[in-house]
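All remarks here apply to the structure that follows.
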Amino acid sequence: MGEQPIFSTRAHVFQIDPNTKKNWVPTSKHAVTVSYFYDSTRNVYRIISLDGSKAIINSTITPNMTFTKTSQKFGQWADSRANTVYGLGFSSEHHLSKFAEKFQEFKEAARIAKEKSHEKMELTSTPSQESAGGDIQSPLTPESINGTDDERAMPEVTQNSEPRAEPTQNALPFTHSSTISKHWEAELAALKGNNAKLTAALLESTANVKQWKQQLAAYQEEAERLHKRVTELECVSSQANAVHTHKTELNQTIQELEATLKKKEEEIEGLKAEIENARELQAQRDSLTQKLQEVEIRNKDLEGQLSDLEQRLEKSQNEQEAFRNNLKTLLEILDGKIFELTELRDNLAKLIECS
């Protein structure tokens, strides 16, 4: 079956500084997927994390490993085989606790697998050892490969250095891409295709013209040979009627050859016209390409003008809003003054009545 992912989460990945052995060095710019993998053929558990196509964690879990929580959102473990200490910063305490539970679970599974492997190797080595009468040697175990150095607890990472991870995902990231074609680029590509077709037709027409010129030269040579043959027959033959008949046939053949030659000349003229059309199409393509460039420049100018108009409109709207606010304030002041004048008028009227 090979290796399969059995648990995945997201976290920021750190490694201990190999020089100071105290400071943490971030190995990912953002939260990445960290997954537990199980290899059923070798009965091995691994922690793997990729940042793009680069493996930033590749740690085989052994029974002597310990995952330590150094804060509410940060945990670490030492890998003696890689000679480093890995640190993970999670977005919440729940994600950290879940990762730690899985670490303990797979560590226990690795321990059981190691014991089974140890028992199998002892059983296979016992018969040969008894027959040889030698001392019993310890079998090769995963611990001898990964080392048995004690893990070192690293200092806690402050809350400011604890990164915030994204939600848990169950699949490793894969690269993806997407492309968008534009209208004018498609038009230009079509024009280039037409240009290629016209160029091919032009080359084919040129080759045909050369072939027909060769045929024309052959026909002219045949006509000259026939004329010479007619002259020889007229001089040699004593039978005028036979010579006349043969001459007539030769003349008919010559007329047929001349007609064929005329058709070939017409075809050559047609091919020349096609060549001219091809040149005109080439000129049109160049003109369209130039117009396309002019349109693109015009579009950029229009975009700039549109942006300027939008800024002016926004400024005008702001000025109108300020004018409305000032007008509203003046109306409120005017209402207050009118109210005061009304009270003054009423007071004067009362004074007049009292006097």
Side-chain angles (χ1 to χ4, degrees), residues 3-39 44-110 142-177:
E3 276 190 315
Q4 297 293 331
I6 52 179
F7 177 77
S8 296
T9 186
R10 292 185 70 85
H12 287 258
V13 180
F14 298 84
Q15 284 190 15
I16 201 70
D17 190 342
N19 297 322
T20 63
K21 299 294 183 180
K22 294 181 179 180
N23 301 324
W24 289 109
V25 178
T27 56
S28 63
K29 297 180 180 178
H30 49 78
V32 296
T33 301
V34 182
S35 301
Y36 286 100
F37 276 75
Y38 175 62
D39 188 347
V44 172
Y45 295 86
R46 288 201 301 164
I47 302 174
I48 296 176
S49 179
L50 300 177
D51 188 5
S53 60
K54 178 184 178 183
I56 55 179
I57 297 179
N58 185 5
S59 177
T60 302
I61 299 176
T62 60
N64 63 306
M65 285 184 176
T66 302
F67 184 81
T68 306
K69 296 181 182 179
T70 58
S71 69
Q72 293 182 350
K73 298 180 182 180
F74 194 87
Q76 65 185 45
W77 78 96
D79 188 342
S80 58
R81 183 180 181 184
N83 194 24
T84 188
V85 179
Y86 294 105
L88 296 179
F90 296 88
S91 61
S92 66
E93 187 176 359
H94 171 73
H95 290 128
L96 173 60
S97 300
K98 190 69 175 177
F99 187 89
E101 291 174 3
K102 293 294 182 182
F103 191 97
Q104 186 64 28
E105 177 185 344
F106 300 143
K107 171 186 171 182
E108 183 66 19
E143 184 177 356
S144 64
I145 297 173
N146 295 328
T148 57
D149 296 339
D150 293 335
E151 297 166 354
R152 294 162 294 183
M154 293 296 106
E156 284 192 4
V157 178
T158 62
Q159 292 294 330
N160 292 331
S161 65
E162 291 177 5
R164 184 176 182 179
E166 299 177 6
T168 303
Q169 295 182 356
N170 294 325
L172 291 174
F174 293 95
T175 58
H176 63 277
S177 66

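Numbers here are sequence positions counted from 1. It should be emphasised that the depicted structure is a prediction, and the values quoted were computed from it without experimental measurement.
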**OP:** Return the minimal non-hydrogen interatomic distance between G87 and W24, and the atom names on each side.
**Re:** N-CZ3, 3.7 Å
Original post:
Can you name the closest pair of heavy atoms from S35 and S8 and give their distance?
Top reply: OG-OG, 2.7 Å
Subject >> Rounded distance [0.5 Å steps], CD1 in I56 versus CG in L50 >> reply: 7.5 Å
Original post:
Please walk me through it: do I47 and V34 pass side chain to side chain contact (heavy atoms under 4.5 Å, CB included)?
Top reply: CA-CA 7 Å; I47 302 174; V34 182; 3.8 Å; yes
Original post:
Hey, do the aromatic rings of F106 and Y38 have their centres closer than 6.0 Å?
Top reply: no
Subject >> F14 side chain near H12 side chain, heavy-atom distance below 4.5 Å >> reply: yes
Original post:
Is any side-chain heavy atom of D51 less than 4.5 Å from a side-chain heavy atom of H30?
Top reply: yes
Original post:
What heavy-atom pair brings V85 and Q76 nearest, and what distance separates the two atoms?
Top reply: CG1-CB, 4.4 Å
Original post:
Do Y86 and Q15 come within less than 4.5 Å of each other through their side chains, counting heavy atoms only?
Top reply: yes
**OP:** Not counting sequence neighbours, which residues clear side chain to side chain contact (heavy atoms under 4.5 Å, CB included) with D17? List them please.
**Re:** N19, T20, N23, V25
Original post:
Rounded to the nearest 0.5 Å, how far apart are CZ of R10 and OG of S49?
Top reply: 9.0 Å
**OP:** Spell out, as yes or no, whether a donor-acceptor pair under 3.5 Å connects the side chain of S28 to the backbone of V13.
**Re:** yes
Original post:
Would T60 and R46 count as having a side-chain donor-acceptor pair, cut-off 3.5 Å?
Top reply: no
Subject >> Sequence-distant partners of S59, side-chain hydrogen bond (donor to acceptor under 3.5 Å, both in side chains), two or more places apart >> reply: W77, D79
Original post:
Please walk me through it: do F37 and N58 pass side chain to side chain contact (heavy atoms under 4.5 Å, CB included)?
Top reply: CA-CA 10 Å; F37 276 75; N58 185 5; over 6 Å; no
Original post:
When you look at Y36 and F99, which way does the ring-ring contact (aromatic ring centres under 6.0 Å, His included) test go after all the steps?
Top reply: CA-CA 9 Å; Y36 286 100; F99 187 89; 4.9 Å; yes
Original post:
Any idea which heavy atoms bring F67 and G75 closest together, and the distance?
Top reply: CZ-CA, 3.6 Å
Original post:
When rounded to the nearest 0.5 angstrom, what is the spacing between OH in Y45 and CD1 in I61?
Top reply: 9.0 Å
Original post:
Which pairs pass side-chain hydrogen bond (donor to acceptor under 3.5 Å, both in side chains) with one or both residues in residues 97-109, sequence neighbours excluded?
Top reply: K69-S97, E108-R111
**OP:** Nearest 0.5 Å please: distance from the CD1 atom of I57 over to the CG atom of L88.
**Re:** 5.0 Å
